[in-house]
Amino acid sequence: MATVTNIYTYPLKSAKHITSISHHVDEYGLVGDRRFIISDLQGNMLTGRTHPQIAQIVFNADNHNICLSHPSLADISMGVAEFGKDTKPITVWADSFKGHHCHQDIDAWLSQLLGEPCMLLRYGEESLRSVKRYRSNKLAFADGYPLLLISEASLTELNKRSSDNHDMLEFRPNIVVDGESDFIEDTWRRFKIGEVEFEVVKPCSRCVFTTLKLGSSEYRGNNEPVKTLKTFRQGKDNEVYFGQNVIARNQGQIRVGDKVEVLSYQTPEAYPDTSKDTPAMDNKMVNVLFDNLDKSLQINTHEPILDQALAAGVFLPRNCQAGRCGRCKMILVSGEVNQGEQSALTPFEIDNGAVLTCCATAKTDLVLNLE
Ligand code: FES
């Protein structure tokens, strides 16, 4: 039987974790989790995917005070009573709603850190985000679901396969459990921990944020763990999955040391294991010139261009690394590629030479440009 070994919250989205030995679960997940967010002045969320400095912020909040620390700045703290009363629009992925503005001094501190004007918002009584993906439909500033659970055995299996050693906190779970079988959490449908019954909703798709080195604002150059997850945890939609998104069916307390009582099971998603496949390689090498970056590389013709560029220290723009977000789009000036998934591109973009470097492989020598 699995046991809870760690409970984590992230009061500020994308910032450092807080460890608990006992925590209350409410209708939004763990109390205090992702109840603050950084927004630009147009209401777009700013996260560690695009602003990795946020991952180094230590954010402590209670009912009376908040305190922010970062290695590059003096700490700032403020009484909640000093917060303003105004609300601002905020968009978290497809959901647009209101966040409560905190204080201009905190905005100035964050703007200095991120190098652009931004502000701190909290989730409050007028926020009212409502999602349709699950029954309780309550969600604060988390991406898609209120809670993420991962087993230590799953991490052990990933670490056996990856060239790097990964820490559980790279995956930002809320609840960590032990147990003997890797990916046992994929088989649970409903389970109980302490006073709370949980329901598994869907596997968690993982993005470039997991490639950030823990405790730093630098990305790993080799694209791990996404690279390894692609070999044994990639779905038909090309996303890679690690951990399970869960929702709570009631409110109550959970504690480290609580047993996981599984109430019902499900058939887990089957992911092809391509780690042992010998890629159909012709060992052909070609030259790629990233023209307006003034960088060139030799790359093979069987691995995605982006993976090889990152491994060589050329940090091309990217996000999902699964053909979904379009962030890695470049323009093919000359040469030929094999395009894989390209759902992020419009027919017009494809006609105009757009290439998703996270999915495309080279066929010939290439010249690519950022737009
Ligand atoms: S990184 Fe998202 S489409 Fe390539």
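In each ligand, atom 1 is the first atom listed, and ligand 1 is the first ligand listed.
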Atom 3 (S) of ligand 1: the protein heavy-atom neighbour that sits closest, reported with distance to 0.1 Å: G326 N, 3.2 Å
Which of the ligand 1 atoms, numbered from 1, are nearer than 4.0 Å to a heavy atom of C358: 1 (S), 3 (S), 4 (Fe)
Protein contact to atom 2 (Fe) of ligand 1 [nearest heavy atom, distance to 0.1 Å]: C325 SG, 2.3 Å
H51 side chain vs Q53 backbone, donor-acceptor pair below 3.5 Å: no
H101 and D107: side chain donor to acceptor below 3.5 Å: yes
Any side-chain heavy-atom pair of V92 and I90 under 4.5 Å: yes
Non-hydrogen side-chain atoms of L310 and R318 separated by less than 4.5 Å: yes
Backbone N/O of H166 and side chain of N159: donor-acceptor pair under 3.5 Å: yes
Nearest-neighbour protein heavy atom for atom 4 (Fe) of ligand 1, which is reported as residue plus atom name and distance: C328 SG, 2.3 Å
Under 2.8 Å: N/O/S of C359 next to atom 4 (Fe) of ligand 1: no
